[in-house]
There are 2 protein chains.
Amino acid sequence: MVVGADDVFHALADATRRDILTRVIRSGQSVSELARAYPMSFAAVQKHVAVLERAALVSKTRRGREQIVHGEVEPLRRMTRLLDGYEALWRQRAAGIEQILEEDEQ
Amino acid sequence: MVVGADDVFHALADATRRDILTRVIRSGQSVSELARAYPMSFAAVQKHVAVLERAALVSKTRRGREQIVHGEVEPLRRMTRLLDGYEALWRQRAAGIEQILEEDEQ
DNA sequence: CGCACCTACAACCATGTGGTTGTACGTTAG
DNA sequence: CTAACGTACAACCACATGGTTGTAGGTGCG
């Protein structure tokens with residue numbers, strides 16, 4: 001696991017970042033477009049995007065002088081799987097659950 | 001939503017806390033039992049449990065002089081649902097997705 | 001070309017976080 | 001009753017976080 005679960009959960013633990021994620025999952029948006037949508041400085045939004053990027057929840061591609069932010073769904077899938085693992089563990093139906101939970105710290 | 005998604009994700013954004021969660025989901029354990037399992041002070045583990053408790057991921061019940069920590073699976077289910085919402089959104093199959101994602105900030 | 005726009009990044013500040021130690025209090029065992 | 005155990009909480013520290021402003025570099029429009 002190249003990006004830790006820590007990074008993904010931490011990235012998701014902020015309402016602004018979750019909102020940014022929903023926007024760019026719908027369709028890519030430039031950093032400035034995103035920045036205009038929130039009551040904070042451009043730099044602040046840029047930092048939020050950086051956090052999402054470090055968690056691999058978004059990626060950026062250049063388009064002219066703009067940087068377009070795209071949503072990446074794969075890390076979300078991994079987290080969903082992790083949470084499902086906890087749930088299954090709770091239901092005592094643990095078959096192969098240990099393995100899923102251990103991918104966590106790889 | 002009485003406990004914010006922020007709290008749940010933040011609680012999960014730490015390997016020690018996720019490990020504590022797996023332990024107590026299997027079966028309840030006292031705070032000291034948990035504390036003995038990690039290379040840190042009792043107080044540190046106690047704080048981790050407090051964070052999990054604030055996120056409603058665990059609850060405590062008294063047994064004699066011990067405080068038994070239990071895993072609560074409902075918040076996990078809510079988070080799984082949230083993540084599923086993002087995924088569905090990404091797949092353009094957005095039927096009622098907005099609603100799910102907005103429960104987020106209630 | 002020259003200016004405006006988009007982005008990146010550094011410096012700074014207040015606050016929160018994860019860890020420590022120490023103290024205090026309730027409960028059980030002997 | 002006393003001693004030991006389990007817990008809670010406060011004070012403290014180093015460091016990360018989320019925000020700010022300012023500066024600088026790449027890109028495109030007129």
Side-chain angles (χ1 to χ4, degrees), chain A residues 3-24 27-72 104-105, chain B residues 3-24 27-72 104-105:
Chain A
V3 190
D6 287 32
D7 293 315
V8 182
F9 281 126
H10 171 250
L12 292 172
D14 181 284
T16 302
R17 285 195 290 266
R18 286 195 302 276
D19 196 72
I20 290 176
L21 189 58
T22 64
R23 286 175 186 264
V24 302
S27 70
Q29 289 191 30
S30 73
V31 182
S32 347
E33 274 176 316
L34 288 171
R36 269 180 246 118
Y38 303 96
M40 63 185 79
S41 70
F42 175 86
V45 173
Q46 194 176 276
K47 278 194 189 177
H48 280 304
V49 172
V51 171
L52 288 167
E53 201 176 7
R54 189 159 55 89
L57 286 166
V58 304
S59 61
K60 288 190 287 193
T61 59
R62 186 161 278 287
R63 187 181 65 187
R65 55 186 167 184
E66 294 179 330
Q67 203 68 276
I68 307 298
V69 184
H70 308 270
E72 296 290 338
D104 186 8
E105 328 306 338
Chain B
V3 190
D6 286 32
D7 293 317
V8 181
F9 281 126
H10 171 250
L12 292 171
D14 181 284
T16 301
R17 285 195 290 265
R18 287 195 301 277
D19 196 72
I20 289 176
L21 188 57
T22 64
R23 287 174 185 265
V24 301
S27 69
Q29 289 190 30
S30 73
V31 182
S32 348
E33 273 176 317
L34 288 171
R36 270 179 244 119
Y38 303 96
M40 64 184 78
S41 70
F42 175 86
V45 173
Q46 195 177 275
K47 279 193 188 180
H48 281 304
V49 172
V51 172
L52 288 167
E53 202 176 7
R54 188 157 55 90
L57 286 165
V58 304
S59 61
K60 290 190 287 193
T61 58
R62 188 161 276 287
R63 187 182 65 189
R65 55 185 167 185
E66 293 180 333
Q67 203 66 279
I68 306 299
V69 184
H70 308 270
E72 295 290 338
D104 186 5
E105 325 309 335

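Here is the naming used below: chain letters follow the sequence lines, and residue numbers restart at 1 for every chain.
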Whole-Å distance between D:dT17 P and A:His48 NE2?
12 Å
Closer than 3.5 angstrom, by distance alone: can the side chain of A:Arg17 be matched with the main-chain N or O of A:Leu12 as a donor-acceptor pair?
no
Testing D:dG18, C:dT21, C:dC9 for proximity to the side chain of B:Ser41, the answer is C:dT21
Need one value for B:Arg17: base, sugar-phosphate or nothing, where a base atom within 4.0 Å counts as base even if backbone is also close, heavy atoms only.
sugar-phosphate
Angle by which the axis turns from one end of the helix from C:dC1-D:dG30 to C:dG30-D:dC1 to the other, five pairs per end, to 10 degrees:
20°
Minimum-distance nucleotide (side-chain atoms of B:Met40 versus C:dG18, C:dT20, C:dA8):
C:dT20
Go through C:dG18, D:dG19, C:dC6 for me and flag the one nearest to the A:Lys47 side chain.
D:dG19
Nearest heavy atom decides the nucleotide; on that basis, is B:Arg62 or A:Thr16 closer to the 5' end of DNA chain D?
B:Arg62
For a quick check of understanding: with a heavy-atom distance under 4.0 Å over all strands, which category does A:Ala43 fall into, base, sugar-phosphate or nothing?
base
From the options D:dG22, C:dA8, D:dG18, select the nucleotide whose nearest atom is closest to the side chain of A:Val51.
D:dG18
Counting side-chain heavy atoms from C-beta on, which of C:dT7, D:dA8, D:dG28 comes nearest to A:Arg65?
D:dG28
B:Gln46 CD - C:dA24 C1' separation (whole Å):
13 Å
Nearest to the A:Phe42 side chain among D:dG19, C:dA8, C:dT20, which nucleotide is it?
C:dA8
